[in-house]
Asker: 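Could you have a look at this structure, given as structure tokens, before my questions?
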Amino acid sequence: MLPARNQEAMAAAASGTYSYCSRPRALPARRRYREEEPVRYANLMYDRRVVRGNTYALHALPWVGSPDPLEIQRQREAHRKALARKRAKEQHQSRTPEPVEGRKHVDVQTELYLEELGDRIIEVDVECQTDAFLDRPPTPLFIPAKTGRDVATQIEEGELFDFDIEVKPMLEVLIGKIIEQALLEVMEEEELANLRAHQYAYEELRNAELAEVQRLEEQERRHREEKERRKNQQSQLLQKQKETSEKIAARAFAQRYLADLIPSVFSSLRDSGYFYDPVERGLYYFSFFFTGSIRRLIFFFGGSSSVVSASECCSFKTSESMLHTSSLSDFGRHFKFLNFESSAVAIFRNLTLVPSLRFVKSAVKVFLK
Amino acid sequence: MAHARISAKLPPDIDPTKAAIAFGERALPKLNEELQSPELLTRQRALMALCDLVHDPENVYQAIQLGFLDNLKYLLLDHDSTVREKTTEVLYIMASHNVGRDGFIKYGVIPALSQLLNDPVDICRRNMHRAFEIMAELPRGAVGIVDSSLISSLVLKLKTELDEIQELILDTLSGCLCIEAFEALATGAVSILKEKLTHPSVAIRSKAARVLLGISVPLEGKNIVWDEEVIPVLVSLLEDSDPEVRANAAGALMNATITTQGKYAALSADAIPPLLKLVDDETSKVRLNAIKALTMLSEAPEGRKTLLNHVDLFRGQLNDSSEAVSRAAKIAIKVIEWKP
């Protein structure tokens, strides 16, 4: 019971039911009767605690307050002196030597006769003693006489309150709260489950639609790209066609243009004298070195048209060289002589091409004569 | 000192681990103060009481008004694991209410929660990922998660976490991918997901396929899916026993085969026969995705040739119960019978 009570008290103290200045503790069990004690006799006469002798000469107040150390020292010295006196006195008394080992001194009467100690007073010891203390017996229970009137009261069943009826509202509240909490939690879960189901269905649709959208996008993209490619192909085709037709036209034109080219080239070249008879050219060079001997040439080759044409050519080239020669007039005479007037005219025409033509004129005059 | 409690012996039903909830209006403010107490036991008990109260949306609203979220954010970094567990649980329950989600976005709880990604205690991480998953189901929440640059860390966590947490991460990712997929692609999510496709757990397979569906919506995603040769794995998943897995695999194929190279990859992986089998499946989602995938494949000439023989199958689906399926069947027939 005690530890339980302690614990309770401590628990209560911990929870704050009670607080103490000093903790209550259980008292040890009290003995009802005294146990056997050793009986001590005390005679006043032999009691050491009683002061003996002259009380005046003794220290008036043996231990009063703090004793003076000087006083203490004086006491000690007095004490020592007394002891010393006593010892000296004892030493003066002669003593028999100490007994030898194995022997013992005994007091013996050395008188001759034994003497009866007759004047001994007969003493009789009489004592008187009270009985040992008996423990006091316990007090008898004191039951006072009954006074007053007895009155009793009793609560019958069903008089205070009806438990079932009273407890109903409390129970309702309690259980109501519990069920409310439980319902809340269940509703929460149901709500979540509903939300999830909704989301699931929605997600399904969404995914399907998203995929559809992307597929259509992809399809569009592909078709578009295909179209682009085909258009590109077609345009390339057209371009190629155009190019080819242009090429053909250009070639035809070029052909036609160039068909004329060769004859005109040849004619212009001939006109500029790039085509020459190598014989003539040879003659020319020949005459170039022998400008003064054209007459001789003519005599040599006399009468051939080739000579004339040769001299045509020669004249064209040697016109400059003939500038300084007076052979022009000779030239003309010779031609006249030879009756190649037309060629002579040609020659002179050529000669007129030369810049300094003073003597050409004179030659012409000569010719015309 | 007198106390409100009459007897020192407590009634047997009171939970000693919970703090006493004050009456009416004072309940939440008092808990708010107790949350800031330096004593560990007070905080723990206040959190346990808060967990119960937060199931009621009105309390959630009031709590957010009182500024609970700042205290909870601070408690997320507590040393004691019980405190962290309970805080993450409270946040997760709050996230399941709309008011809570709005509060999360407003007070920036997501970055604070992300500090617990590497928490040693499993329960904390699980609750945190549950909260993320619920946030990702809401578009604004998904935007919040993307903005906190959590996607890359989530993708990397896929490799190392426990299975049930992986499921939660996969759900979070599929929610976030609707917003933005580039970050996930950059972290190499496709290769990780490819491994997960062959995981023994059914839930992980179906969720991984769903994430792949989301990832292959943008063009880069489709190209990477083709690059990593995920298409043959998806084709093999078409014959899985669980309808969810089949539906998600067909959906992922549907998205991945939009590009020409994806189409040819699927055709070479021989995707048409399993897809044809799925057109008659019980689940409407499976049918829908299968028909759509076949539509994609029939854009390619080889696919069209093969599918011309099976047009009757699609005609059978024209009168399907689900409107989306019948629409898809109509489109499919149109595409198959198209002549250039």
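These numbers come from a predicted model, not from an experiment.
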Asker: Which heavy atom in A:A211 sits nearest to a heavy atom in B:N255, and how many Å separate them?
Answerer: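 In this case the closest contact between A:A211 and B:N255 is CB-OD1, 3.8 Å.
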Asker: Hey, is B:R327 close enough to A:E212 for a salt bridge, meaning N to O under 4.0 Å?
Answerer: no
Asker: Does B:Y264 OH have over 12 foreign heavy atoms under 6.0 Å away?
Answerer: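 Yes, OH of B:Y264 has more than 12 neighbouring heavy atoms, counting only those of other groups under 6.0 Å.
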Asker: Heavy-atom pairs under 4.5 Å with chain B are the metric here; pick the option from A:E203, A:E217, A:E226 that has the most.
Answerer: A:E203
Asker: Examine whether an atom of B:S284 lies under 4.5 Å from a heavy atom of chain A, and if so say whether it belongs to the side chain, the backbone or both; otherwise answer neither.
Answerer: both
Asker: Taking it one step at a time, do B:K292 and A:E204 satisfy salt bridge (charged side-chain N to carboxylate O under 4.0 Å, His left out)?
Answerer: CA-CA 12 Å; B:K292 281 251 163 296; A:E204 222 181 278; over 6 Å; no
Asker: Take A:R215 and B:E299 through the side-chain contact (heavy atoms from CB on, under 4.5 Å) test and state the conclusion after the steps.
Answerer: CA-CA 9 Å; A:R215 185 187 67 83; B:E299 297 250 324; 2.6 Å; yes
Asker: Tell me, for B:V217 versus chain A, whether the close heavy atoms (under 4.5 Å) come from the side chain, the backbone, both or neither.
Answerer: both
Asker: Rounded at 0.5 Å granularity, tell me how far CD1 in B:I134 sits from CG in A:L192.
Answerer: 5.5 Å
Asker: Determine the option with the most heavy-atom pairs under 4.5 angstrom with chain A, choosing from B:E137, B:E323, B:R210, B:M254.
Answerer: B:E137
Asker: Taking only residues at least two apart or on different chains, which pairs with a member in residues 138-149 of chain A satisfy salt bridge (charged side-chain N to carboxylate O under 4.0 Å, His left out)?
Answerer: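 Qualifying pairs, neighbours excluded: A:K146-A:D150.
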Asker: Go through the steps to decide whether A:E218 and B:M296 satisfy the test side-chain contact (heavy atoms from CB on, under 4.5 Å), and finish with yes or no.
Answerer: CA-CA 10 Å; A:E218 194 52 34; B:M296 305 296 165; over 6 Å; no
Asker: Surrounding CD of A:Q239 (heavy atoms of other residues, nucleotides or ligands, distance under 6.0 Å), is the total greater than 12?
Answerer: no
Asker: Got a sec: does the CG of A:L261 have more than 12 other heavy atoms crowding it under 6.0 Å?
Answerer: yes
Asker: Which atoms of B:L213 come close to chain A, meaning under 4.5 Å heavy atom to heavy atom: side chain ones, backbone ones, both, or neither?
Answerer: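 Answer is side chain: those atoms of B:L213 sit under 4.5 Å from chain A.
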Asker: Counting distance only, does the side-chain N/O of A:E185 pair as donor-acceptor with the main-chain N or O of B:H55 below 3.5 Å?
Answerer: no
Asker: At a heavy-atom separation under 4.5 Å, does B:N289 approach chain A through its side chain, its backbone, both, or neither?
Answerer: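 Neither part, no heavy atoms under 4.5 Å.
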Asker: Would you sort out whether B:E58 and A:L184 count as a side-chain contact (heavy atoms from CB on, under 4.5 Å), showing the intermediate values?
Answerer: CA-CA 11 Å; B:E58 286 182 21; A:L184 271 175; over 6 Å; no
Asker: How long is the straight-line distance from CD1 of B:I258 back to CZ of A:R221, given to the nearest 0.5 Å?
Answerer: 11.0 Å
Asker: With a 4.5 angstrom heavy-atom cut-off, could you sort out which part of A:Q181 is near chain B: side chain, backbone, both or neither?
Answerer: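 For A:Q181, the side chain is the part near chain B, not the backbone.
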Asker: Do other residues, nucleotides or ligands put more than 12 heavy atoms under 6.0 Å from A:I155 CD1?
Answerer: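 It does not: A:I155 CD1 has 12 such atoms or fewer within range.
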Asker: If I measure from the heavy atoms of chain A, does B:I331 come under 4.5 Å with its side chain, its backbone, both, or neither?
Answerer: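 Only the side chain of B:I331 comes within 4.5 Å of chain A.
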